[in-house]
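Report on the following structure.
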Amino acid sequence: KNEVEQSPQNLTAQEGEFITINCSYSVGISALHWLQQHPGGGIVSLFMLSSGKKKHGRLIATINIQEKHSSLHITASHPRDSAVYICAVRPVSGGGADGLTFGKGTHLIIQP
Amino acid sequence: DGGITQSPKYLFRKEGQNVTLSCEQNLNHDAMYWYRQDPGQGLRLIYYSQIVNDFQKGDIAEGYSVSREKKESFPLTVTSAQKNPTAFYLCASSFRELNTGELFFGEGSRLTVL
């Protein structure tokens, strides 16, 4: 069974700090998604990765396929970054059009 | 602007009643999905549809039903057979091959059974 583990579960930091959220998974994958869930519940897709590194503004996502690990970094964190960050993976073996397995999320709070 | 619209945002239901959650997208996406989110758990797939007039059960389909009569619409009915329906429901869509595209989500619908 494919497992997706995120760490930490909860993270509180001060404004301006560099934030790292980790995601580990147990099977070979074809893609990994990083999602952001706002306090109201809506979810926004941040990145989709299959290799290497992607950057968007202050957000950076990296993936190491061999180590089955991905990280999401936030530079110069701001209170508006407070949200739940969710990692989701799609196994190579498929399992349907969805086939996504989701982590439980990391609840991030950035204090002013 | 393109996006996914879910309604209602909040819904209260008495036990024994069926309720239908609406999901509409104007992104021209082929694939649509319904997920359930419970506290402390990852999202779980209820149903998905890759094309009009076709849909497949996900991991937790029991007690739910869907239809896909139009490309833009994928309503979810929570039936009285669903034993624990109180949850947050999220609709999503993508181009058919997830490997080549992002997943877009709606704002969610929170269902509470009284």
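Every chain is numbered from 1, with letters handed out A, B, ... down the list of sequences. Every heavy atom of this structure was used, including side-chain atoms; hydrogens, water molecules and symmetry mates were not.
- Only the backbone of Gln41(B) comes within contact range of chain A, with at least one heavy atom under 4.5 Å from a heavy atom of that chain.
- No part of Gln6(B) comes within reach of chain A, as not one of its non-hydrogen atoms sits under 4.5 angstrom from that chain.
- Between Leu90(B) and Ile43(A), the closest side-chain pair of non-hydrogen atoms falls below 4.5 Å.
- Open room surrounds CD on Glu15(B); 12 or fewer heavy atoms of other groups in view lie less than 6.0 Å from it.
- Put simply, the side chain of Gln37(B) reaches to within 4.5 Å of the side chain of Gln37(A), judged on heavy atoms.
- Proximity to chain B (any heavy atom under 4.5 Å) is shown, for Gln6(A), by neither the backbone nor the side chain.
- Most heavy-atom pairs under 4.5 Å with chain B: of the set Ala88(A), Gly103(A), Gly40(A), Gly42(A), this distinction falls to Gly42(A).
- Interface residue Ser45(A): backbone and side-chain heavy atoms are both found under 4.5 Å from chain B.
- Contact annotation: the side chain of Leu100(A) never approaches that of Tyr33(B) to less than 4.5 Å [non-hydrogen atoms, C-beta and beyond].
- When hydrophobic clusters are built by joining Ile, Leu, Val, Met, Phe, Trp and Tyr residues whose side-chain heavy atoms come closer than 4.5 Å, directly or via intermediates, Ile4(B) is not grouped with Leu103(B).
- Heavy atoms from other residues, nucleotides or ligands lying under 6.0 Å from CD of Glu62(B) number 12 at most.
- Taking hydrophobic clusters as Ile, Leu, Val, Met, Phe, Trp and Tyr residues chained together by side-chain heavy-atom distances below 4.5 Å, Ile60(B) shares a cluster with Val19(B).
- Counting heavy atoms from C-beta outward, Leu43(B) and Lys104(A) have side chains that stay 4.5 Å or more apart.
- For Lys9(B), the NZ atom counts as densely surrounded, since its 6.0 Å shell holds more than 12 non-hydrogen atoms of other residues, nucleotides or ligands.
- In terms of hydrophobic clustering, with Ile, Leu, Val, Met, Phe, Trp and Tyr side chains grouped at heavy-atom distances under 4.5 Å, Tyr48(B) and Phe55(B) are assigned to different clusters.
- Leu45(B) and Phe88(B) fall within a single hydrophobic cluster, where Ile, Leu, Val, Met, Phe, Trp and Tyr side chains are chained together by heavy-atom contacts under 4.5 Å.
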